[in-house]
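Here the structure comes first, spelled out in structure tokens, and everything after it is commentary.
Atoms within a ligand are numbered from 1 in the order they appear, just like the ligands themselves. All values reported here derive from a predicted model rather than from experimental measurement.
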Amino acid sequence: MRLLVTGGCGFIGSAFVRMALARGHEVTNLDKLTYAGNPANVAEVADHAGYRFVHADIADADDVAGALKGVDVVVNMAAESHVDRSILDPAAFPMTDVVGTAVILDQARRAGVARFVQVSTDEVYGSIAEGRFRETDPVEPSSPYSASKAGGDLQALAWHRTYGMDVVVTRGSNTYGPRQYPEKLIPLFVTNVLDGEGLPVYGDGQQIRDWIHVDDHCAGIFAALERGRAGEVYNVGGGNERTNLEVTERILEYTGASRDLIRYVADRPGHDRRYALAAEKLHGLGWEPAVNFGDGLAATVAWYQDHRSWWEPIKSGEYRAYYEAQYGDRGAADR
Ligand code: NAD
Ligand code: DAU
């Protein structure tokens with residue numbers, strides 16, 4: 001297949017691009033190269049005969065129309081993706097995650113692509129105290145990020161209902177692995193430990209996330225792309241619930257660092273307490289997560305230990321300004 005992957009210079013997108021090429025597909029990677037987009041993430045495939053890069057914004061209809069020529073399937077991963085940034089300054093989130101999604105959906109419809117995969121998130125469901133979210137549950141997003149992502153999902157499903165366009169939506173759980181920008185919990189804590197810096201645990205650290213390795217997430221997107229039914233949503237859940245404190249303790253264990261690095265800081269506003277996904281629908285398409293959490297996290301820690309040249313340049317400039325705004329005068333947790 002000839003795939004147009006958006007956001008392919010980001011964390012999950014770059015893993016997906018590598019997997020797609022390894023499976024014999026042709027890939028056009030359309031990426032705006034925001035702070036989170038890193039050409040180094042796809043450097044090893046840059047000269048692959050089946051790979052092409054287009055530097056563009058998914059909200060630019062002309063650029064998108066040009067990139068869509070000859071494409072069979074669109075996989076839309078481009079997004080502003082970080083909850084804390086959406087709380088500090090939400091402006092960019094609807095521009096990409098809502099408006100950009102509408103633009104690329106409509107250009108894909110006009111181009112007559114065979115399928116459009118909208119890559120979304122379990123955060124659109126909001127928080128769940130007990131049980132697990134199913135695809136039929138309503139969306140109740142808590143943050144500006146998840147509200148924008150929910151807007152993207154709803155548009156994708158509306159394009160199916162209104163125009164009969166072949167659309168599938170995937171909703172993935174918290175993803176970890178190599179090349180994740182060090183603003184998210186796991187890469188932030190691993191790189192802070194390696195720098196001897198504190199680990200800012202929000203609130204009591206008892207919030208629960210359902211972790212999935214990036215390769216399992218990408219394989220789940222492929223299952224929905226290849227075998228999903230048009231107009232359907234598929235949860236891509238790891239079935240691997242952990243409290244944030246447990247994840248933090250594992251990172252300390254794998255790096256041999258002290259618990260003294262833990263700092264309990266003021267909680268995230270509107271913080272969802274627990275995410276948990278029922279992924280049986282995707283299991284029915286023959287997909288199961290394969291990476292054991294302990295093994296995957298240990299390998300991820302080792303990757304950051306071995307790739308300082310990847311993350312040290314990131315942790316300067318714009319990142320330092322973000323870090324200061326996010327954590328600088330944050331008070332202690334009210335526990
Ligand atoms: P990321 O922040 O690492 O990468 C996002 C990529 O999108 C970057 O390369 C960036 O340059 C690009 N981009 C941003 N705005 C763009 C625009 N307007 N036009 C073109 N490119 C643009 O994100 P990620 O963590 O890899 O997430 C990828 C997708 O998966 C997102 O849609 C996100 O909502 C979803 N998702 C992420 C997770 C997770 O835990 N990381 C879990 C579930 C779903
Ligand atoms: O659930 C899927 C979502 O997972 C994706 O849609 C998002 O793109 C991705 O960023 C992620 O969102 P979270 O908000 O769950 O991820 P984050 O890594 O920011 O935080 C994970 C948990 O760790 C959350 O409960 C907040 C907490 N946390 C995070 C940071 C950055 C801390 O306690 N301290 C921190 O410094």
Proximal ligand 1 atoms for S173, defined as those under 4.0 Å from one of its heavy atoms: 42 (C), 43 (C)
Within-cut-off N or O pair, H271 and ligand 2, under 3.5 Å: yes
Ligand 1 to D31 polar contact by distance, N or O atoms, under 3.5 Å: yes
Short N or O distance, Y327 and ligand 2, threshold 3.5 Å exclusive: yes
Whether Y327 and Y323 hold their rings parallel, tilted or perpendicular, with breakpoints at 30° and 60°: tilted
Any donor-acceptor pair under 3.5 Å from S316 side chain to P313 backbone: yes
T121 N/O to ligand 1 N/O under 3.5 Å: no
Quiz item: cation-pi between R85 and Y322, 6.0 Å / 45°: yes
Contact partition for D210 relative to ligand 2, non-hydrogen atoms under 4.0 Å: neither
Protein heavy atom at shortest distance from atom 4 (O) of ligand 1: G10 CA, 3.4 Å
S86 versus P144, closest heavy-atom pair with distance: O-CG, 3.4 Å
Any N/O pair K149/ligand 1 closer than 3.5 Å: yes
Pair Y125, D272: side-chain N/O donor-acceptor within cut-off below 3.5 Å: no
Under 3.5 Å: N/O of W211 near N/O of ligand 2: no
Contact check: P200 vs ligand 2, nitrogen or oxygen atoms, below 3.5 angstrom: yes
Under-4.0 Å heavy-atom contact with ligand 1, by part of H217 that carries it: side chain
Identity and distance of the protein heavy atom lying nearest atom 29 (C) of ligand 1: M77 O, 3.3 Å
Any N/O pair V83/ligand 2 closer than 3.5 Å: no
Protein residue, atom and distance nearest to atom 33 (C) of ligand 1, heavy-atom basis: Y145 OH, 3.6 Å
Within-cut-off N or O pair, D272 and ligand 2, under 3.5 Å: no
Set of residues satisfying salt bridge (Lys or Arg N to Asp or Glu O under 4.0 Å) with respect to D195, sequence neighbours excluded: R308
Minimum-distance protein heavy atom relative to atom 33 (O) of ligand 2: Y202 N, 2.9 Å
Distance filter under 4.0 Å to E183 heavy atoms, resulting ligand 2 atoms: 31 (C)
Residues R171 and D153 bridged, charged N to O under 4.0 Å: yes
contact_flag D57 ligand 1 heavy-atom lt 4.0 Å: yes
Protein residue, atom and distance nearest to atom 1 (P) of ligand 1, heavy-atom basis: S81 OG, 3.6 Å
The one among Y323, Y264, Y176, Y145 that brings a heavy atom closest to atom 6 (O) of ligand 2: Y145
Identity of the nearest option to atom 11 (C) of ligand 2, non-hydrogen atoms only, from V119, N174, T243, T248: N174
Pair F133 + Y275: ring centers closer than 6.0 Å: no
Ligand 1 contact on N76 by region, counting heavy-atom pairs under 4.0 Å: neither
Face-on cation placement of R268 at Y202 ring, 6.0 Å and 45° thresholds: no
Min heavy-atom dist S14 to ligand 1 below 4.0 Å: no
Closest candidate by heavy atom, reference atom 20 (O) of ligand 2, pool K184, R209, R268: R268
Shortest protein contact, atom 40 (O) of ligand 1 (heavy atom only): T175 N, 3.0 Å
Within the 6.0 Å centroid threshold, strictly below: H213 and Y176: yes
Ligand 2 N/O within reach of E123 N/O, cut-off under 3.5 Å: yes
Ligand 2 contact on D122 by region, counting heavy-atom pairs under 4.0 Å: side chain
Test item, G8 contacting ligand 1 (heavy atom, 4.0 angstrom): no
Shortest protein heavy-atom distance from atom 3 (O) of ligand 1, along with the residue and atom involved: F11 N, 3.0 Å
Protein heavy-atom partner closest to atom 19 (N) of ligand 1 - residue, atom, separation in Å: I58 N, 3.0 Å
Nitrogen or oxygen atoms of E183 and ligand 1 under 3.5 Å apart: no
Protein contact to atom 27 (O) of ligand 1 [nearest heavy atom, distance to 0.1 Å]: I12 CD1, 3.9 Å
S14 backbone acceptor or donor facing N41 side chain under 3.5 Å: no
Which segment of M95 sits under 4.0 Å of ligand 1 when only heavy atoms are counted: neither
Test of proximity, Y275 against ligand 2: N or O pairs below 3.5 Å: no
Min N/O separation Q207 to ligand 2 under 3.5 Å: no
Within the 6.0 Å centroid threshold, strictly below: H217 and F222: no
Non-hydrogen atom of K149 closer than 4.0 Å to ligand 2: no
